[in-house]
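The structure under discussion appears below in the form of structure tokens.
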Amino acid sequence: MATLYRTLSRRRCFHALTSLTRTYYSSPLHQYNKYISNLIRSGRLREARALFDSMKHRNAVTWNSMISGYVHRREIVKARQLFDEMPQRDIVSWNLIVSGYFSCRGSRFIEEGRKLFELMPQRDSVSWNTVISGYAKNGRMDQAMKLFNAMPERNVVSSNAVITGFLLNGNVDLAVGFFKTMPEHDSASLSALISGLVRNGELDMAAGILHEFGGDDKDNLVHAYNTLIAGYGQRGHVEEARRLFDEIPDDRGGGEKDQRRFRRNVVSWNSMMMSYVKVGDIVSARELFDRMVERDTCSWNTLISGYVQISNMDEASKLFREMPSPDVLSWNSIVSGFAQNGNLNLAKYFFEKMPHKNLISWNTMIAGYEKNEDYKGAARLFSQMRLEGEKPDKHTLSSVISVCTGLVDLYLGKQIHQLVTKIVLPDSPINNSLITMYSRCGAIVDACTVFNERKLYKDVITWNAMIGGYASHGLAAEALELFKLMKRLKIHPTYITFISVLNACAHAGLVEEGRIQFKSMVTDYGIEPRVEHFASLVDILGRQGQLKEAMDLINTMPFKPDKAVWGALLSACRVHNNVELAIVAADALIRLEPESSAPYVLLYNMYANLRQWEDAERVRVLMEEKNVKKQAGYSWVD
DNA sequence: GTAGGGTTAG
């Protein structure tokens, strides 16, 4: 007891301890076992182990609970150690250790699990099912089927594992065929088939199956319905979802509480609500929420996320305050809501008040800083995250790469690159942002390296990033060469590709090439030109001194010219000393951005160059009158 | 204490 006290008191395990002392003398072993399993269930594995180690008498259940704790955490080495130390293993211990090996990724583990399965002194249906589903989940359907056929007594659970396995590997037809030949289905068979079909995008087929076989077992049928409602909802097919929802008898009003009856449950309502939230129909979502008899945390969270989505933070935080027991998801939604709607202070306030943070909480807050262009804040939070021992994942790193881009911080960028290589393959889309980061930081060679490391799969964004990098470095020949290569490989360019291509032409003074590309974009690729493309074209013409053509283009383009368009023209006017057009462009720019000093400064310099001192002075006075402050280093063309 | 199925946050 004394050792137990010492080990536990250090681990702030006060509640477990007091109840334990209370029952210590009067309780048999199973009370201890219950404590261990409770600790494991609430994720307190180390405390469970301390208790386990301090126990004088243990039975198989004690050992098995501890092993199951490690198996759940995927700590297979520790589980195996206990398994080996265990004086008398029973069938549950064997099943646990086998399932532990099969739930670890990697063929080495699977082989070891199989070896243990072969060594088992006896097997029950759980042993067989563990190995079958283990193979199925790891894409080894050949082995799964072999064992399934070798099983002495098949049951529904093993068949269900086979269905899941086929569907995990995308074998929709095999799964449906297998389901139809099964001697009996239970509710889980139908649910497994429906959810697998949904995952494979076969929603209408799933609906057909549901209506054909749903009658066979009304027991727990609602699970399958819920899966399909959610499946339709997630794809924005709200009418189909609603039709299914309406097919389930209402759960309100009736007094009888027969769990087995086919009725809506809280998940049905939540899934239907989610479908409305997905399409932005907050009114219908709210209506359902108000009509529900039983709400769980997920119901509140779904509605909160709906209000967050439409940027109604007043209502979202009102619900958050009202809800009975907010969990980490609720907090994350609120933090995300404020961060995405530009209220970083409130986001930070809630982030710091959170009782528990998980990886997503950190990612949400870092992404919030990044979105609001507070790059320093994001970088600070990222280092705090690492200090607190939270491991970044690809979402974290993706935000932080953008942060490096924003800060133009090559030093931090290279560090992040190191981390990225540890967690993703060179073919991951996250490397696209590394290309952009490197080229924005002036390290075009590093950008090129990342680009070339993607050997197996480059998507359009990869190509766009690299072409854009070349273009912004003035390497027009390289940009155009890469663009040619991209087309040869039948990668379909996007409007972003053409912005870079046209920019490259502008830098290199390739007027004719620019015109050709612009035309090709519309006629060969059917891409609607955007205002950015016109800005590039104006830039191209302007740099060549074709100012009148540039002005004509501005007058005839189907958009209201933006600051990039006028900025390009104004720069060109300065280079070619065209004061009249410069005045037009500067005037337009000032109207678009009254607080910007750049047009004034440019005009002033032009007049000064032409030694028209009076006009120059007029511009300076005007600028003072409008109370525009001069800022250094500002340019529109980039 | 072990095998198969459902909803919410980056």
Side-chain angles (χ1 to χ4, degrees), chain A residues 33-34 36-37 40-41 59-69 71-72 90-100 102-103 124-134 136-137 155-165 186-196 198 220-231 233-234 265-275 277-278 296-306 308-309 327-337 339-340 358-368 370-371 393-396 398-399:
Chain A
N33 290 343
K34 254 182 162 170
I36 288 196
S37 84
I40 288 172
R41 248 203 307 269
N59 64 4
V61 175
T62 328
W63 286 90
N64 290 342
S65 306
M66 205 57 237
I67 293 175
S68 97
V71 165
H72 258 102
D90 64 5
I91 194 158
V92 175
S93 333
W94 283 93
N95 289 343
L96 271 165
I97 198 71
V98 170
S99 111
F102 272 93
S103 50
D124 62 3
S125 65
V126 176
S127 329
W128 285 94
N129 293 337
T130 305
V131 182
I132 291 171
S133 95
K137 277 182 191 159
N155 61 16
V156 207
V157 176
S158 38
S159 306
N160 294 349
V162 169
I163 293 181
T164 310
D186 69 356
S187 53
S189 331
L190 192 60
S191 282
L193 185 59
I194 298 294
S195 78
V198 166
N220 276 323
L221 182 60
V222 70
H223 279 229
Y225 266 86
N226 292 348
T227 313
L228 193 49
I229 291 173
Q234 241 141 21
N265 62 16
V266 67
V267 180
S268 326
W269 289 88
N270 290 349
S271 303
M272 194 58 233
M273 241 169 68
M274 181 273 292
S275 311
V277 163
K278 208 85 195 172
D296 63 4
T297 307
C298 183
S299 325
W300 290 86
N301 288 348
T302 304
L303 192 62
I304 288 176
S305 81
V308 164
Q309 226 177 76
D327 62 2
V328 92
L329 271 89
S330 333
W331 285 90
N332 287 347
S333 293
I334 291 296
V335 170
S336 155
Q340 296 301 315
N358 62 11
L359 179 58
I360 296 182
S361 322
W362 290 96
N363 289 350
T364 307
M365 197 61 225
I366 291 174
E370 192 266 319
K371 194 193 165 173
D393 68 351
K394 58 177 177 177
H395 296 281
T396 329
S398 159
S399 297

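All chains are named by letter (A, B, ...) in the order of the sequence lines, taking the proteins before the strands, and each is independently numbered beginning at 1.
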(request) Take atom CH2 of A:W269 and atom P of B:dT7, then tell me their distance rounded to the nearest Å. (result) 19 Å

(message) Without decimals, in angstroms, what is the distance between A:Q309 CD and B:dT8 C1'?
(response) 12 Å

(message) Is the phosphate of B:dG10 approached by A:K394 (side-chain N or O, under 4.0 Å from OP1 or OP2)?
(response) no

(message) Distance alone, cut at 3.5 Å: any donor-acceptor contact between the side chains of A:N59 and A:N33?
(response) yes

(message) Whole angstroms only, please: what is the CD1-P distance between A:I40 and B:dT2?
(response) 10 Å

(request) Kindly indicate whether the side chain of A:N95 and the base of B:dG1 share any N or O donor-acceptor pair separated by less than 3.5 Å? (result) no

(request) Please determine, for the side chain of A:S65, which listed nucleotide (B:dT7, B:dG10, B:dG1) has the closest atom? (result) B:dG1

(message) As an exercise, state the distance from SG of A:C298 to CG of A:N270, rounded to the nearest 0.5 Å.
(response) 4.5 Å

(message) Given B:dT8, B:dG10, B:dT7, identify the nucleotide with an atom nearest to the side chain of A:A230.
(response) B:dT7

(request) Could you work out which one of B:dG5, B:dG1, B:dG10 sits closest to the side chain of A:S336? (result) B:dG10

(request) Look at all strands and tell whether A:N33 reaches a base, only sugar-phosphate, or nothing, counting heavy atoms closer than 4.0 Å. (result) nothing

(request) Answer yes or no: is there a donor N or O on one side and an acceptor on the other, between the side chain of A:S191 and the main chain of A:A188, under 3.5 Å? (result) no

(message) With a 3.5 Å cut-off and heavy atoms only, can you find an N or O donor on one side and an acceptor on the other between the side chain of A:D186 and the base of B:dG5?
(response) no

(message) Within the 4.0 Å heavy-atom criterion, would you say A:K371 contacts the bases, only the backbone, or no part of the nucleic acid?
(response) nothing

(request) Measure from the side-chain heavy atoms of A:H395 and tell me the nearest of B:dT8, B:dG4, B:dG10. (result) B:dG10

(request) Provide, to the nearest angstrom, the distance between the CG atom belonging to A:D90 and the C1' atom belonging to B:dG1. (result) 8 Å

(request) Measure from CE on A:M272 to C1' on B:dT8 and round the result to the nearest Å. (result) 16 Å

(request) Taking only the side-chain heavy atoms of A:A188 (C-beta and beyond), determine which of B:dA9, B:dG5, B:dG1 contains the nearest atom. (result) B:dG5

(request) Determine whether any donor atom in the side chain of A:D393 lies under 3.5 Å from an acceptor atom in the base of B:dG10, or the reverse, and answer yes or no. (result) yes

(message) I want to verify a distance call: between B:dG5, B:dG10, B:dT7, whose nearest atom is closest to the A:H223 side chain?
(response) B:dG5

(request) Measure from the side-chain N and O atoms of A:N160 to the backbone N and O of A:I163, and report whether any donor-acceptor pair falls under 3.5 Å. (result) no

(message) I need the CG-P distance between A:L329 and B:dG10, as an integer number of Å.
(response) 9 Å

(message) Starting the side chain at C-beta, find the nucleotide from B:dG1, B:dA3, B:dA9 nearest to A:S333.
(response) B:dA9

(message) On the nucleotide B:dG10, are OP1 or OP2 found under 4.0 Å from the side-chain N or O atoms that A:Q340 carries?
(response) no

(message) Nearest to the A:S305 side chain among B:dT7, B:dA9, B:dG6, which nucleotide is it?
(response) B:dA9

(message) Side chain of A:S187, heavy atoms from C-beta onward: which of B:dG5, B:dA9, B:dT2 has the nearest atom to it?
(response) B:dG5

(message) Can you confirm whether A:S330 sits close enough to A:I334 that some side-chain heavy atom of one is under 4.5 Å from a side-chain heavy atom of the other?
(response) no

(message) Among B:dT7, B:dA3, B:dA9, which nucleotide has an atom closest to any side-chain atom of A:N358?
(response) B:dA9

(message) Strictly distance-based, threshold 3.5 Å: is any side-chain N or O of A:D393 a donor or acceptor partner for the main-chain N or O of A:T396?
(response) yes

(request) May I ask you to verify whether the side chain of A:D327 and the base of B:dA9 hold a donor-acceptor pair under 3.5 Å? (result) no

(request) Specify the separation, in whole Å, of atom CG of A:D296 and atom P of B:dG6. (result) 16 Å

(message) If I take atom CD1 in residue A:I132 and atom C1' in nucleotide B:dA3, what distance separates them, rounded to the nearest angstrom?
(response) 9 Å

